[in-house]
Amino acid sequence: SKEGSTDEDTDQVVRIGYQKNGPLVILKSLGNLDERLKEEGWEVEWKEFQAGPALVEALNAGGIDVGRTGNSPPIFAQAADAPFTTLAAGKSKFYGSGILVPEDSDITSVSDLKDKKVSFAKGSSSHFLIVKALEEAGLKYEDIHPEFLTPGDARVAFEQGNIDAMVVWDPYTASTEINSGGKLLINGEGISTDRDFFLATNDFADQHADITEIIMEEVEDSSEWANNNHEELIEMLSPILKIDEASIKKSIERREYGVDEINDKIIKEQQEIADTFYQLNIIPKEIHVKDVME
Amino acid sequence: MNFHTEEPIHVQLAGVEKWYNELNVLKGMDLQAERGEFIAVVGKSGCGKSTLLRLVAGLEQSSSGFIYMDQKPLKSLNKHARIMFQDGRLLPWKRVIDNIRIGLPGEWKGKATEALENVGLGDKKKEWPNNLSGGQRQRVALARALVHDPELLLLDEPLGALDAFTRMEMQGLIESLWQQKKFTSILVTHDVEEAVALADRVILIESGMIMMNQEIPLARPRQRTQPAFSMYLEMIMDRIMNRMPKKNYIVEQNYQMS
Amino acid sequence: MNFHTEEPIHVQLAGVEKWYNELNVLKGMDLQAERGEFIAVVGKSGCGKSTLLRLVAGLEQSSSGFIYMDQKPLKSLNKHARIMFQDGRLLPWKRVIDNIRIGLPGEWKGKATEALENVGLGDKKKEWPNNLSGGQRQRVALARALVHDPELLLLDEPLGALDAFTRMEMQGLIESLWQQKKFTSILVTHDVEEAVALADRVILIESGMIMMNQEIPLARPRQRTQPAFSMYLEMIMDRIMNRMPKKNYIVEQNYQMS
Amino acid sequence: MDRIKGSMKQIVPWVVPFLLLICWQVFSWMGIIPEKILPAPSDVFQAGLSLLGTGELYEHVSISLWRALAGFLIGGVIGFLFGLFNGISKYSDLLFDTSIQMLRNIPHLALIPLVILWFGIDETSKIFLVALGVMFPVYINTYHGIKSVDKKLIEMGRAYGLKGKSLFFSVIFPGALSSILVGIRFSLGVMWLTLIVAETISTDSGIGYMAMNAREFMQMDVIVLSIVIYALFGKLSDMIARYFEKKLLHWNT
Amino acid sequence: MDRIKGSMKQIVPWVVPFLLLICWQVFSWMGIIPEKILPAPSDVFQAGLSLLGTGELYEHVSISLWRALAGFLIGGVIGFLFGLFNGISKYSDLLFDTSIQMLRNIPHLALIPLVILWFGIDETSKIFLVALGVMFPVYINTYHGIKSVDKKLIEMGRAYGLKGKSLFFSVIFPGALSSILVGIRFSLGVMWLTLIVAETISTDSGIGYMAMNAREFMQMDVIVLSIVIYALFGKLSDMIARYFEKKLLHWNT
Ligand SMILES: Nc1ncnc2c1ncn2[C@@H]1O[C@H](COP(=O)(O)OP(=O)(O)OP(=O)(O)O)[C@@H](O)[C@H]1O
Ligand SMILES: Nc1ncnc2c1ncn2[C@@H]1O[C@H](COP(=O)(O)OP(=O)(O)OP(=O)(O)O)[C@@H](O)[C@H]1O
Ligand SMILES: [Mg+2]
Ligand SMILES: [Mg+2]
C-alpha cells in the first residue's frame, strides 16, 4: 500500500519561504511540520530568504507557496496586485522595535531628532514607526534627514557615528543595545505593532486549505514551545543567527511568539500603514488591505 | 586531394586596371601566360608588381578589366594559384615545419620535410619563425609555396633577402621543380639576371603599363657567362636604366637557339 | 640636441661570441672599424650578419668578449649608433613622415622631408606604411636611419627589396651622405657588387668567423666597369662560392690607386 | 559588406531588440505574458513618461551620471596607471599584479560594510565603489595591451633614441591602444553596473536606487524601465567607445 | 629580471598583501582599528577555523564552486561563440553586437525579479546569472581578439587554401588567443563576483550567501573572511589563467 501511495504523494510538495530572523525558522528546526505533513503525503521544501521583499517577490512569481514576512512587504505586494492571501498574523512585537541612539547621545526625546540623520530601511516597519513617532512628537517627516540603510549596514554607520539614530527591529535592536552602546529612545509601544504575516499564494490557499491549516497549527505549536522553552530556543537560534546569546535572550524575552487570527484591529493597523506609505509616495496607489486578508 | 593536375594553367589578363583611391597603379594590362610558361616581372620599386600578383592570386579585385584562368574569369580567390608573399607571412605561433604544412592535404610530413631540406633548412624544422634570420624566413616561405605543387605559382621577390650563393641554389631549385612539374609561373624580381636566368619571358612594368615584353629563348640550363645571356641581360638593363642601347638588338635572333 | 659630433666613432670587437641556446652563431670575432671607415659585411644567409649588427647596436648582449666604442666598452644600448633593421619596422600607426621623424630632436620637419625626397618618396609623405610597396617601406626605413646623422650607421640589407635602378640611386645616396658627414658605417648586404662599390673594406663571415677581410682601396666615385672593380668583385665572389680563383690575386696591388 | 548601405548599417543592429519588443508587446496583449508579472512595453513606456513628467527620471539619471563619471575618471585613471606600470616594469608587475588580481575578485556587495566604515554613507563611498569597479577592466586590458605591443617595434624605438615619455607616446601607447579601448568600453558598462550596488548605500536618488527601490516595492514597470534605461546607456557607452576606436585606430583599416 | 631568482619571483607578489595584513594586525592590537568594526586578522582566521571545523565553510565553498563552474562553462561557451561569429562575420556582428552590448549593461540585481520569473528560485536562476556575467568579458575579448588578428596572416591562410575550420584553428584562433585568455581571466573573476548576487536568491548555502548573511547580521569577522576567500579565489583563478597563457603562448616569448 505504501508504494502505491508514495507514487502519487511524492508529487505533493509545499515550498515554504522563511527568513532566519523569524518564527518559521523555529518550526523548521523542530522538524514537526515536516513530520506531520509527511503523514499527509506532503513534503516540505524550505526556502531561505534574506529579506521580506525578496520573499514576496518569489511568492509573486510562484517560486514559493507559503511564507512569512514582516508587516510591510504584504502591502507592497498588494499594491503590485500580487496574487496572494494572508493566512494569519503574528503577535505584536513592539518592544523590540524602536529608535536607537548612542548611549552618550544628546538626543533624549523624539523631538530632538529634528535635523538629525536617522537611518532605517525604506518601506520597512521602521519607516512607519519613525513617521508615527515624529507625528506624535509634533515633528514632520521632513524635519529629519532619512538615511535609507538595511539593518546590517546601518549598524556599521551607527558605530562609526555616520548617523545619529537608527530605527530597527529585533534582534538588531537587542544586539545594538548590548554590543554597540545603543540605547532605545522609544520602542514601538502605541505606535507600531510590527507583526509577522503568514502569506500564501491564492492558488495554494484555494486548493490546499487543509495544508495551510496544518501549517498554521504547527506554527502555533512551535510558538508555544518557543514561549515556554527560552533556554532551548536560545541554544537553537544562536548558531543559526550567529548572534551572541545575550542579544538573542534579550530579544526573545521581550516578545511573545504566537499566531493571531486576522481581525478588524489587525486590518486597521495594516490599513494605517498602507495609507501612510501611500502618502509618503512609497506605494503608487491606495489599497484596501482587507482585500487580501480574508 | 592534391589539386595539381597534369595540365598547368593558362592565365590571361585583359585590360586590367587597379586604382587605390586616386592612385592608378595598373593602367590597363594585357598579358598572357601560356600553360607552363615561366614569366618574370621586373620594374621599379612601387611600379605595381606585387599588385599584379595579388590580382592574379585573387586577393584583390581589379578596378576594371578581367583576369581569366583557363578562359574562365577569376571572381574571387584563385584556387589554382599559390603565392609567395613579398613579406613572408609566416605564422609566428607555428614551428617552421608546421608553417610549411599549412593547407597541405593528406600525407604532409615527408613533403614538408623534403621542401625544408631543399631550401637548406632541414635543421630548423622545430624552430619558431621569430628565431630565424631574415633569409631563413624567406626560404621557409619559399618552401611553403613550392611544396604545394600548384598549377600556377606566383613568387613575389622570393630571393630578395638571400646572399649570392644561396640565391643561386634557390634559383636552381625553382628551375628544376618547374621543369619537373611544369606549372605556370610568374616571378616578380628586382634582379634582372635572375629574371633572364629563369624566365621564358621577361616583362617590364613602367608607369602601370607593360613597357617591354621580351622572350628569352635560351636553352636550359643557362650559362650566365654565355654571350646571349649577357646580351639579354644588358638589353633589359639598358631599358630599365633608360640607357641608350649600345648595340642593335636585332642580333638577338642569332642567339636564339644557342 | 643633435648628437652628431665632428669626429666619427671608432668601433672595436674583441673576441665577441654569441650563443643562442645551443647555437653558436658568432665564434670569437675580432674586428676594428676606424673612424669614418665604411665596412661591408657579406656572408651566407643565417651566418650571423644581423646578429653582429645587433650586438654593435647594443640591442643584444654578447655571450663573451667585448665591444668598444671609442675604447669604452659597450654595456647597453649604443647611443652613438643608428641601425636600420632588416625588417624595416615602421610604426604602422604613424604616417610615413612621422615614422621618419622618430627620435629626431628639434627642427625635424625640413630634415625629414628632405630625407624622404632623397629616397624618392616625397609624394608618400602622408601615406600609412601599410599602404606602401615592399621597396617603398624599405626606403622609408632607410630615410629614417639616414636622417639621424649618427656617428655610427648600421645598415642591415638596406636595399634588398629594391630594383637595380633604385638600388643604384640609393647606393649613391648612401655614399654621398657618408662622404659628406663621414660617419663610421657597417653595411650588411648580400650583394657583393654593392659591398665593393661602397665599402673601404669587405668582411666575409663564415661559420661564425671572419674568413676574409679585404680592403677595397679603389678611388671614389667607383666605376663598376673598371677592371679593378671587377677583380675585387670576382675575388670575393670566388671566395663565397668556394670557387678556385682564376687568377692570382697578388695583381690587386696594381689597381690599388686607380 | 559594400552591398549593405550606410543607412542599413544603422538600422540592422536594432532589428533584434525591436523584434523582441514587438513579440513582448504582442504576447502581453494576447495575455500570454501576464501583465502583473511582466508589464507590456507600452506600460513601461507609460511609466517612463510619467516619471519623466514629474522630473524624477531626469533627477535620477543626472545624479547617477555624475557619480558614474566621477567614479569612471578616478578608477579609469588609476587602472590605467597601474596597467601601465605593471605592463612596463617587471618589478612593479611582480609587486602589484597579484594584489590587484586579488582585489578584483572582491564583490562590491560584500565590501559595502567596509566601504561604509572607510568612507561613510555619503557620495564618497558611492564614487569609491564605481571607481573600484571601473578600475579593473581598464587595468587588465591596459596591462595586456602593453604586454602585447610588438617587441620589435619597442626595440626599434629604443634604438632610435626614444625613451620614457617619447617611447611611450610614440610606440607603446599606440600599440596598446586598441586593447586599452576594449578595457574602456568594458568599464563604461561596469560604471553603470556598479551604481546599482553603490546606490543601495543611503541615498534617495540615482537610477540604481530607482531600480532597487522598485524591486523592493514590486513595481515591475519601473524595474523594467530601469533595465531598459541601463540597456540604452550600455548602447550609448558602446557608441562612444566605438567612436574613439574608429577615430584613434584609423591606421588599422 | 634574470637577477631575481625563481623563488624570489614566487615570494615578491605576496609582499604587498602580507604587509597590509601585518599593519592591520598591529593596528588592531594597538586598538587603532576598533575590533568590533574591523576584526583583527587573527580573529578572522579564528572565524575561518571554526567555520572549517563545523564543515560549514567547506559546504559553502563547494556549492558555490559548483554553481560557479556550471555558469562559467555555459556563459563562457556562449560568449566565446558569439565573439567568434561576430568577430568573423560582419552580418552576425551587425545583427547581434548592439543587442549584446545592451544586455551587458543590465545589472544583475535589477534582473533578479525577471530571472525569478523565468527560472524560478532554484539553481537554474543562480547558474543563469553566473553564465550571464561570465559571458560578456569572454565575448568582448574574443571579439576584439579576432578582430585584431593580423589581416595579412588571414589573407595568407586563405591564399594557401585554408578555410572554415582549418583557417580558424591555424590562423584566427591562435592569433586571437592571447586576447581570449584575457577575457577568460577576467571572467574567472566575474564568475565569483556574480555568485554574491545570485546567492541572494533563496538559498541557504554558498559563499555569497555566507557573505550576505554575515552582512545582514553584522558579523564583521565572517564578512572579512569571505572577502579574503574571494581574494584568494581571485588569485587562484588568475594563476590558472596564467598557466594556460604560459603554456599556449609559448611562441611569443
Ligand atoms: N632569437 C634567436 N633565437 C635563436 N636563434 C636565433 C635567434 N636569432 C637568430 N638566430 C639564429 O642565428 C643565426 C644567425 O642569424 P642572423 O639573423 O644573424 O643571420 P643573418 O646573417 O642576418 O642571415 P640573413 O642574411 O638570412 O639575414 C641563424 O641561424 C638564426 O637561426
Ligand atoms: N593598399 C594600398 N593602398 C594605397 N596604395 C597602395 C596600396 N597597396 C599598394 N599601394 C601603392 O601602389 C603602388 C604599387 O604597389 P606594389 O606593392 O604593387 O609595388 P611593387 O611593384 O610591388 O613595388 P616593390 O618592388 O617596392 O615591392 C605603390 O605606389 C604603393 O604605394
Ligand atoms: Mg612588391
Ligand atoms: Mg639578417
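Residue numbers start from 1 in every chain, and the chains themselves are labelled A, B, ... in the order their sequence lines are given, proteins ahead of strands.
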*asked:* Using a 4.5 Å heavy-atom cutoff, which residues in residues 154-162 of chain C come close to chain B?
replied: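 Near chain B, by residue number: C/Glu157, C/Gly160, C/Ala161, C/Leu162.
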*If you check every heavy atom in residues 41-58 of chain C against those of chain B, which residues fall under 4.5 Å?*
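Answer by number: C/Gly43, C/Lys44, C/Ser45, C/Gly46.
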*Can you tell me how far CG of B/Asp191 sits from CG of C/Asp163, rounded to the nearest 0.5 angstrom?*
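Result: 11.0 Å between the selected atoms.
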*Going from CZ on B/Phe165 to NE2 on C/His190, what distance comes out if it is rounded to the nearest 0.5 angstrom?*
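One finds 15.5 Å between CZ of B/Phe165 and NE2 of C/His190.
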Which side-chain N or O atoms in residues 112-127 of chain B pair as donor and acceptor under 3.5 Å with protein atoms at least two apart or in another chain?
{"unit_1": "B/Thr113", "atom_1": "OG1", "unit_2": "B/Lys109", "atom_2": "O", "d": "2.7"}
{"unit_1": "B/Glu127", "atom_1": "OE2", "unit_2": "B/Asn131", "atom_2": "ND2", "d": "3.1"}

*Kindly state each residue pair satisfying ring-ring contact (aromatic ring centres under 6.0 Å, His included) with at least one member in residues 38-57 of chain C, sequence neighbours excluded.*
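Only C/Phe38-C/Trp178 qualify under ring-ring contact (aromatic ring centres under 6.0 Å, His included).
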*Let me know if C/Gln136 has heavy atoms under 4.5 Å from chain B in its side chain, its backbone, both or neither.*
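For C/Gln136, backbone and side chain are both near chain B.
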*What is the minimum heavy-atom distance between C/Ala164 and B/Met237, and which atoms define it?*
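For C/Ala164 and B/Met237, the tightest heavy-atom pair comes out as CB-CE, 3.7 Å.
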